[in-house]
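Numbers for residues simply follow the sequence, beginning at 1.
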Amino acid sequence: MDNELNRKPLIVELLRTFLIFFAITILAMSFAGMLVAHFTPDAKDVSALFALGAGLPYSVILQLAGFSFIMAAVSVLLFSERFFTKMRFLWRGFILMFAALLTASFFSLMFKWFPADDLHGWLGFVLCTFICFVISGGITMLKLKLEGKKYDRLLANYKARNRGQRV
């Protein structure tokens, strides 16, 4: 019951997660656009994502907001203790990666982010998605490991302080 009192409202959790996903998505697309503009300047007619030299069009920013909202909802569904209490963290991560791949593929086809018949584009897309998840998964695991060590140390200090108080 104490856990239920400390839980944030679902809408707050969803909004917070959406803003994080949206910020990361915009930054990633901006970085990708810089790479595309630098390495393939003749690709301006290939993708609807980038207006090379002008940045991300407003329509693409709204598309990325929709993508971010869907991913935030999936993330809250998977990682909130409200829904899947027994699922392992690793499975949640795999499901999130698969959902991101499917959602991004759908958005790519729907909004013509890159040509649907370009095999190299799709291979690069899948590879980049996988690399991003490996990096973010590694960062998350490192964060969890460091937090675990911190809490183990705090628990050991607490036990050491309270050892003499028990009778």
Side-chain angles (χ1 to χ4, degrees), residues 3-4 6-37 39-40 43-44 46-52 55-148 151:
N3 190 21
E4 290 177 11
N6 292 330
R7 190 181 294 170
K8 294 179 202 144
L10 186 61
I11 190 74
V12 171
E13 196 173 344
L14 182 61
L15 254 157
R16 181 179 171 270
T17 306
F18 163 72
L19 291 174
I20 291 169
F21 267 99
F22 186 59
I24 290 170
T25 302
I26 292 294
L27 290 173
M29 285 297 124
S30 298
F31 181 70
M34 290 178 0
L35 290 176
V36 167
F39 291 110
T40 57
K44 74 177 187 177
V46 174
S47 174
L49 271 177
F50 308 109
L52 297 181
L56 291 173
Y58 293 128
S59 60
V60 171
I61 292 173
L62 291 175
Q63 293 164 13
L64 294 175
F67 171 78
S68 298
F69 183 79
I70 291 170
M71 292 311 305
V74 170
S75 178
V76 167
L77 179 72
L78 285 172
F79 291 100
S80 172
E81 294 300 321
R82 299 170 203 256
F83 303 105
F84 299 106
T85 56
K86 304 279 187 207
M87 188 183 293
R88 290 180 170 264
F89 183 78
L90 186 62
W91 281 111
R92 294 174 196 225
F94 281 131
I95 293 171
L96 183 65
M97 184 177 88
F98 186 68
L101 193 59
L102 284 178
T103 305
S105 297
F106 174 75
F107 273 70
S108 293
L109 290 171
M110 187 170 155
F111 297 115
K112 297 177 178 50
W113 286 354
F114 55 88
D117 59 350
D118 183 10
L119 180 64
H120 286 67
W122 283 102
L123 290 174
F125 166 71
V126 170
L127 181 65
C128 287
T129 302
F130 181 73
I131 289 170
C132 287
F133 267 94
V134 167
I135 291 170
S136 66
I139 291 169
T140 301
M141 295 307 282
L142 178 65
K143 178 183 175 262
L144 290 173
K145 187 174 273 193
L146 291 174
E147 284 179 353
Y151 288 122

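If you take CD1 on I139 and CG on L144, they are separated by 12.0 Å, rounding to the nearest 0.5 Å. The CZ atom of R88 sits 12.5 Å away from the NZ atom of K86 when rounded to the nearest 0.5 Å. Distance CZ/F111 to CG/L62: 9.5 Å, rounded to 0.5 Å. To the nearest 0.5 angstrom, L77 atom CG is 10.5 Å from L14 atom CG.
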**Message:** Run F79 and T17 through side chain to side chain contact (heavy atoms under 4.5 Å, CB included) and show every step you take.
**Reply:** CA-CA 11 Å; F79 291 100; T17 306; over 6 Å; no

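Annotation for S68 and T25: closest pair OG-OG1, 3.5 Å, computed over non-hydrogen atoms. Smallest separation of non-hydrogen atoms from T140 and F89: CG2-CZ, 3.7 Å.
When side chains are defined from C-beta on, K143 counts as touching E147, because their heavy atoms get closer than 4.5 Å. No side-chain heavy atom of L123 sits less than 4.5 Å from a side-chain heavy atom of H120.
Partners of R92 according to the salt bridge (charged side-chain N to carboxylate O under 4.0 Å, His left out) rule, which considers only residues two or more places apart in sequence or in another chain, are E81. Remark: W91 engages no residue in a ring-ring contact (aromatic ring centres under 6.0 Å, His included) (not counting sequence neighbours).
Aromatic rings from F69 and F21 are positioned such that their centres are separated by 6.0 Å or more.
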Donor-acceptor contacts, no H, no angles, side chain residues 94-109, under 3.5 Å, sequence neighbours left out:
| from | atom 1 | to | atom 2 | distance (Å) |
| --- | --- | --- | --- | --- |
| T103 | OG1 | A99 | O | 2.7 |
| S105 | OG | L101 | O | 2.7 |
| S108 | OG | A104 | O | 2.8 |

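Heavy atoms of other residues, nucleotides or ligands lying less than 6.0 angstrom from CE of M141 number 12 at most.
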